[in-house]
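As a basis for the values below, the full set of heavy atoms in this structure was taken, side chains included, without hydrogen atoms, waters or symmetry mates. Both counts, for ligands and for their atoms, begin at 1 and track the order of listing.
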Amino acid sequence: MAYQNILVTREENIGIVTFNRPKVLNALNHTTMEELSAAVDELAADSGVRCIILTGAGERAFVAGADINELHALASAGAAAEFAAWGQSILFKIENLSKPVIAAINGYALGGGCELSMACDIRIAADSAKLGQPEIDLGILPGYGGTQRLPRLVGEGRAKWLILSGERISAQEALRIGLVDFVVPAAELLNAAKDLARIIANKAPLAVAWAKRSINVGTETDLVTACAYEASQFGLVCSTEDRVEGTSAFLEKRPAHFKGK
Ligand code: CAA
């Protein structure tokens, strides 16, 4: 598929989606969201891709939020609710994808951009990045899951601080509160994301997919139910050829060759 607002590239077994509207700091308009959704489908269906990176074009922004022109034009409560639910459905698609998704946050990750990064599995930020949920300054609240994923990541008090004040925080502060997982020098960001993606991409794909699912499902339920779910996924993964290969390779002191079966 030809894309206008994003770039989709592949390097070895890594798929890279780059938001490419640098003049508006990669703001997410309708077309960009449609293209993101299509790109995720495309990379999900590509058996050669085992890990995905999302990043922004230019040096200034990952994504500076939903496109405020479109927010300004929303004509009714129904249209706005639909706008939010549709965006949320695309972020859920990313969150529930069987392949891991890494956000390489190269600059502003604000509003919908911060929300998008929170739907990814791992967040690596450039030391120059700025994150926040500034919707309150527009007279609105986060609509792409920010009121829910932010407290789950950083705790209720810090989420309320960020959402109610609209304050933008540095990458270092985001690391301190658990909003991002790593901070690296800006010039090294993409390589750091690729290095991590490459490590994950070479693991047993079903083990990776089901470990991700076990964490996602389990963190939304109580510990006893979550552990029962984990046991079921452990049962499933132990029925794979990759389990035989991985354990045999260890015992035979050789590298494992996983097939995703
Ligand atoms: N939507 C549309 N255009 C945007 C944008 C956005 N979210 N963010 C930046 N832009 C545009 C600006 O309008 C400007 O365009 P022009 O050159 O045509 O004027 C261009 O990008 C560059 O931006 P600035 O001139 O503002 O750059 P700056 O360095 O002075 O400020 C900034 C940078 C602090 C990120 C500022 O652009 C800003 O505050 N942007 C808006 C951030 C925001 O509020 N995001 C939340 C959006 S709402 C949302 O996301 C809802 C949701 O939950 C889904």
Visitor: Check Lys194 with Glu11, please: is the shortest side-chain N to carboxylate O separation under 4.0 Å?
Guide: yes
Visitor: Is it true that Arg198 and Glu12 make a salt bridge, defined as a side-chain N closer than 4.0 Å to a carboxylate O?
Guide: yes
Visitor: With rounding to the nearest 0.5 angstrom, report the CZ to CG distance, Arg60 to Asn26.
Guide: 10.5 Å
Visitor: What about the rings of Phe19 and Tyr3, do their centers lie closer together than 6.0 Å?
Guide: no
Visitor: Mind running ring-ring contact (aromatic ring centres under 6.0 Å, His included) on Phe83 and Tyr144 for me, showing each step along the way?
Guide: CA-CA 9 Å; Phe83 169 94; Tyr144 286 174; 5.6 Å; yes
Visitor: Around ligand 1, what residues show up once you keep those with a heavy atom under 4.0 Å from it?
Guide: Lys23, Val24, Leu25, Ala27, Arg60, Ala64, Gly65, Ala66, Asp67, Ile68, Leu71, Tyr108, Leu110, Gly111, Gly112, Glu115, Pro134, Glu135, Leu138, Pro142, Gly143, Tyr144, Arg168
Visitor: Can you name the residues that form a side-chain hydrogen bond (donor to acceptor under 3.5 Å, both in side chains) with Arg243, not counting sequence neighbours?
Guide: none
